[in-house]
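What follows is a single structure, written as structure tokens, with notes after it.
One-based numbering, in listed order, for ligands and for the atoms of each.
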Amino acid sequence: MANKILVYIDHFAGQVVPASWEAVGVGTSLAEKLGSEVVAVVLGHEVETFAQNAIEFGAGGVLMGDAPELKDYRPEPFARVLSQLAAEAEVLLLPTTSRTRELAGMVAVDLETGVMPDVVAFEIEDGSVLATRPIYAGKLLTKVICPEKRPQIFTLRSRAFVKPEPDPGRSGDITRIELDLGEIVTEVTGYSESMVGVSLSDAAIIVSGGRGVSNNPRLSPPTEITDEGEQEIWRAQQGFALVSDLAKVLGAAMGASRAAVDAGYVPYEHQVGQTGKVVSPDLYIACGISGAIQHLAGMRTSKTIVAINRDSDAPIFKLARFGIVGDLFDILPPLTQAFKERLG
Ligand SMILES: Cc1cc2nc3c(=O)[nH]c(=O)nc-3n(C[C@H](O)[C@H](O)[C@H](O)COP(=O)(O)OP(=O)(O)OC[C@H]3O[C@@H](n4cnc5c(N)ncnc54)[C@H](O)[C@@H]3O)c2cc1C
């Protein structure tokens, strides 16, 4: 196992997180430079297809831990098995997700090494991997290295790297590993729908709404809604319906600012930013979002940013490639209609 590059394949609700394949691609290019081999790690239940997919995306081999106890992700057994596998590895790569953030940390504690999270670029320096990662809410990039401890553990920012083309003709060894799971003290009792519905991190297009989405004094709530707070929520629902219509036409995911989430307009799963999801889509459309630094921290690496805001001085316009100054309630319906006509 020594000198191996392990790539952890993260999956949830029967779907592999696509950034796992980006991690396999990174592993392959690091392996070429370090003269080592890329081995994917697939843990779960009935995950043979994922193991096969890992080979198709470029892994030289797969270590597969398949057991009913691993059907649902839980940190204790997953970290235990991954620590055993990574103990002799040179590098461990994981896509950045909420699961792998804790998994990488727990493996690092087990193996007395460090974690370099949310990496956006890699180089090799003196036989070690030099990683570039954003700091200070994405305002600066820093280069970090772990020169002595092994394995070097990295989580990779989603969509920061190219996903390799799968080759269905590739072959490689899939090794079923003997599992030592220890005592598992937690049990997953179920999932709520909102947790599986939104996949902001992988979306190529995101349409996001902020506090401005509730701001349409021309809309009169039904007379039975008399409470001011409820009136605001009602207005926000009308506004988010416009955001969601545009998202549907574009095949996009729907995001939100923290102000919109804190006000109860949409659930937390939609939040983009420092304390929400970090996203990097090809197109990010911000509607009624001012562009606070904590929001920008989550979306500044989007390839093209479009901002719709009625305040021409809103900070979001400094980052946006295209800006539309105006009321989103006037702009979104014809914009959605125009996309509908174009895209069919
Ligand atoms: C520790 C910490 C962590 C945070 N984490 C996050 C985070 O993860 N994500 C995040 O988003 N924020 C985060 N914040 C909050 C952040 O500082 C801002 O308060 C928040 O981003 C503001 O959201 P907003 O842009 O929707 O609201 P506002 O700043 O109120 O902006 C609303 C915008 O809508 C425009 N507008 C109003 N009406 C209309 C209309 N009808 N048509 C068009 N435009 C209109 C206004 O001109 C304004 O620019 C965090 C703050 C702290 C302190």
Spell out, as yes or no, whether a donor-acceptor pair under 3.5 Å connects the side chain of S302 to the backbone of I305. no
Measuring from [atom], which candidate in [options] has the nearest non-hydrogen atom?
atom                    : options                : value
atom 7 (C) of ligand 1  : Q271, R235, R310       : Q271
atom 2 (C) of ligand 1  : Q274, H295, R258       : R258
atom 46 (C) of ligand 1 : D327, N309, N216, V325 : N309
atom 34 (O) of ligand 1 : A259, G288, A297, A314 : G288
atom 24 (P) of ligand 1 : G273, S257, P315       : S257

Can you name the salt bridge (Lys or Arg N to Asp or Glu O under 4.0 Å) partners of R80, sequence neighbours left out? D180
For ligand 1, which part of A292 has a heavy atom less than 4.0 Å away: the side chain, the backbone, both, or neither? side chain
Identity and separation of the nearest protein heavy atom to atom 36 (N) of ligand 1: G212 CA, 3.6 Å
Derivation and outcome, side chain to side chain contact (heavy atoms under 4.5 Å, CB included), residues Y73 and E102: CA-CA 11 Å; Y73 168 78; E102 72 182 351; 2.9 Å; yes
Give the numbers and elements of all ligand 1 atoms closer than 4.0 Å to a heavy atom of G210. 26 (O)
Scan the protein's non-hydrogen atoms and note whether one is under 4.0 Å from atom 29 (O) of ligand 1. yes
Relative to each other, are the rings of W21 and F57 parallel, tilted or perpendicular (30° and 60° limits)? parallel
If we only count N/O pairs under 3.5 Å, is L328 in contact with ligand 1? yes
Ignoring angles and geometry beyond distance, decide whether V272 reaches within less than 3.5 Å of ligand 1 through its nitrogen or oxygen atoms. yes
Rounded at 0.5 Å granularity, tell me how far CD in Q274 sits from CD in Q294. 5.5 Å
Sub-4.0 Å heavy-atom approach of G326 to ligand 1: yes
